[in-house]
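One structure below.
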Amino acid sequence: MKAFDALIPTRFMASICFLISVMMVFSTMADNIIVSLPSTYSQTSYDSYKSSLNLVLSLHIICICFNLAGFLFGFSMFIPSHTILVIISHTIGCIYSCVAIMETWHYLNFWYIWAFFSAPVAFIEACIVIGTFSLGSLNIT
Amino acid sequence: MFCVHTHPVKIRFVAPFFSSATLFVFLAHVSVIIFGFLIAYFSHGLWLKESFYREQPIVSYRDQYFLKLMGTNSTSGKPFELKYSSFEQINLINNDVLRYPDIRVRHEDINGDGITDQFLLSATFPVVEEEQVQRVEGIFMFSYMLRNRVRLNVEAPVLLSHTGGVAGRELFVSGSLSLSLANALPVLPSVRTTRDPLFPTNRTLSSSEVTMTSLVDKVAARNDTFLLEPAVSTWNVAMVGCNPKCNFVIRLKVKIPNQKVWYVPTFIEVAKFSWIQILATWVFLYFFVLPFIHFILDHQIIQSVVKHPLKKFHRD
């Protein structure tokens, strides 16, 4: 299908951009934590927020890498509706995490970004991978 | 071959009501509308809180003032005070330290537009040579009127205070009268007036109310305060041997420039600004979303029935 000429590179680009933007959060995470703390805070609350942010960023990277793996190993490369969903989710997620870095949003926003734009597509990807092993290839040939 | 004519072809994509294509297009448009509003709202300034315009106020002098000179008497070495006010009650209380000044006021319309552009006030106090004036405090009262958007007609007390390090004979202050607002003015059909005048004519004030301290405090507590800003001043030192015609002169030059008036915008203005911002965000989002919908339906990634108007003439 001619549509794949555009869809496959776009999906690759969207996922890679999202991955890079999430990795950039590691270098600016101190600001995101300080903005969520009151003006006087203890080191304990800083550390607990930091571990929460570390956790969500790790989840982000796991989900995106799983998506990329499913894509590059060909499990979901030729499923157009899933590809479209990944493009939408990862593009919006990338924009959101870039804005969250620039505007130094509250660190909890990374949990919301993960819950809406990273986790659902990773779940669908997992279903596709499991479905491929149990039902055979789901790709459109 | 010549291109003899062009016109766009309208292709319709039809799908049942309960289908993924309908749901996709519906969600795309709804998300653009919601996200457009959210972006416009959370980027701040969607609802216009205050705005400003420029207007030259109509200012007139009210012939109300309260002046106070302070210093030391060089013979006795004791401090002294000289006071005078246009308000009779203040004069009655300060009967023992009263000194009558000669007040002259001139207003000038430099550009000839019928609105006064500057006032020149002078207050000449007769003093004796031993009275070494070192500090001047005063209130001059003006009427201040705005008429374009905000309708305002209030009293404008201009406060004057200056301390000279050495005894002086003349104080000259030149400044622009500027309106300083704690809160922006509402645009109302009625004229905003001063509710509690500084020198009321309908009631008598208590003796504690007519001190310079309480008057200055009352002026400072108002929403609409008036400042001489920017102001420059000079202080001329006393000449020796001026008896018996010694004077202390206060000269005040008040310029009336165009005033930046802060006001609370009306509903129509607020609605217009917010609507344009939301519309601009929608246009921006549709710039990306419409080609995207076009791509999805054109390549049948989400299935729909294509109704091509020229299909009957078209040969594959």
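Every chain is numbered from 1 and lettered A, B, ... according to where its sequence line falls, protein lines coming before strand lines. All values below were derived from every heavy atom in this structure, side-chain atoms included, with hydrogens, water molecules and symmetry-related copies excluded. Values in this document were obtained by computation on a predicted structure and should not be read as measured data.
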Non-hydrogen contacts under 4.5 angstrom with chain B: give the residues of residues 6-24 of chain A involved, or none if there are none.
Ala6(A), Leu7(A)
Heavy-atom count around [X] [atom1] within 6.0 Å, excluding the residue itself: above 12?
X: Phe26(A); atom1: CZ; result: yes
X: Tyr53(B); atom1: OH; result: yes
X: Lys255(B); atom1: NZ; result: yes
X: Lys218(B); atom1: NZ; result: yes
X: His29(B); atom1: NE2; result: yes

Quick one: [atom1] on [X] to [atom2] on [Y], what's the gap to the nearest 0.5 Å?
X: Phe35(B); Y: Ile95(A); atom1: CZ; atom2: CD1; value: 9.5 Å
X: Ser31(B); Y: Ile92(A); atom1: OG; atom2: CD1; value: 7.0 Å
X: Ile79(A); Y: Ile301(B); atom1: CD1; atom2: CD1; value: 13.0 Å
X: Phe292(B); Y: Thr91(A); atom1: CZ; atom2: OG1; value: 7.5 Å
X: Ser81(A); Y: Ile302(B); atom1: OG; atom2: CD1; value: 7.5 Å
X: Ile84(A); Y: Phe295(B); atom1: CD1; atom2: CZ; value: 6.0 Å

For Glu269(B), enumerate each residue passing the salt bridge (charged side-chain N to carboxylate O under 4.0 Å, His left out) test, keeping only those at least two apart in sequence or located in another chain.
Arg149(B)
Please enumerate all residues that pass salt bridge (charged side-chain N to carboxylate O under 4.0 Å, His left out) together with Arg151(B), with sequence neighbours excluded.
none
Donor-acceptor pairs are to be reported for all side-chain atoms of residues 39-51 of chain B against protein atoms at under 3.5 Å, with residues two or more places apart or in another chain.
{"unit_1": "Ser43(B)", "atom_1": "OG", "unit_2": "Ile39(B)", "atom_2": "O", "d": "2.8"}
{"unit_1": "Ser43(B)", "atom_1": "OG", "unit_2": "Ala40(B)", "atom_2": "O", "d": "3.3"}

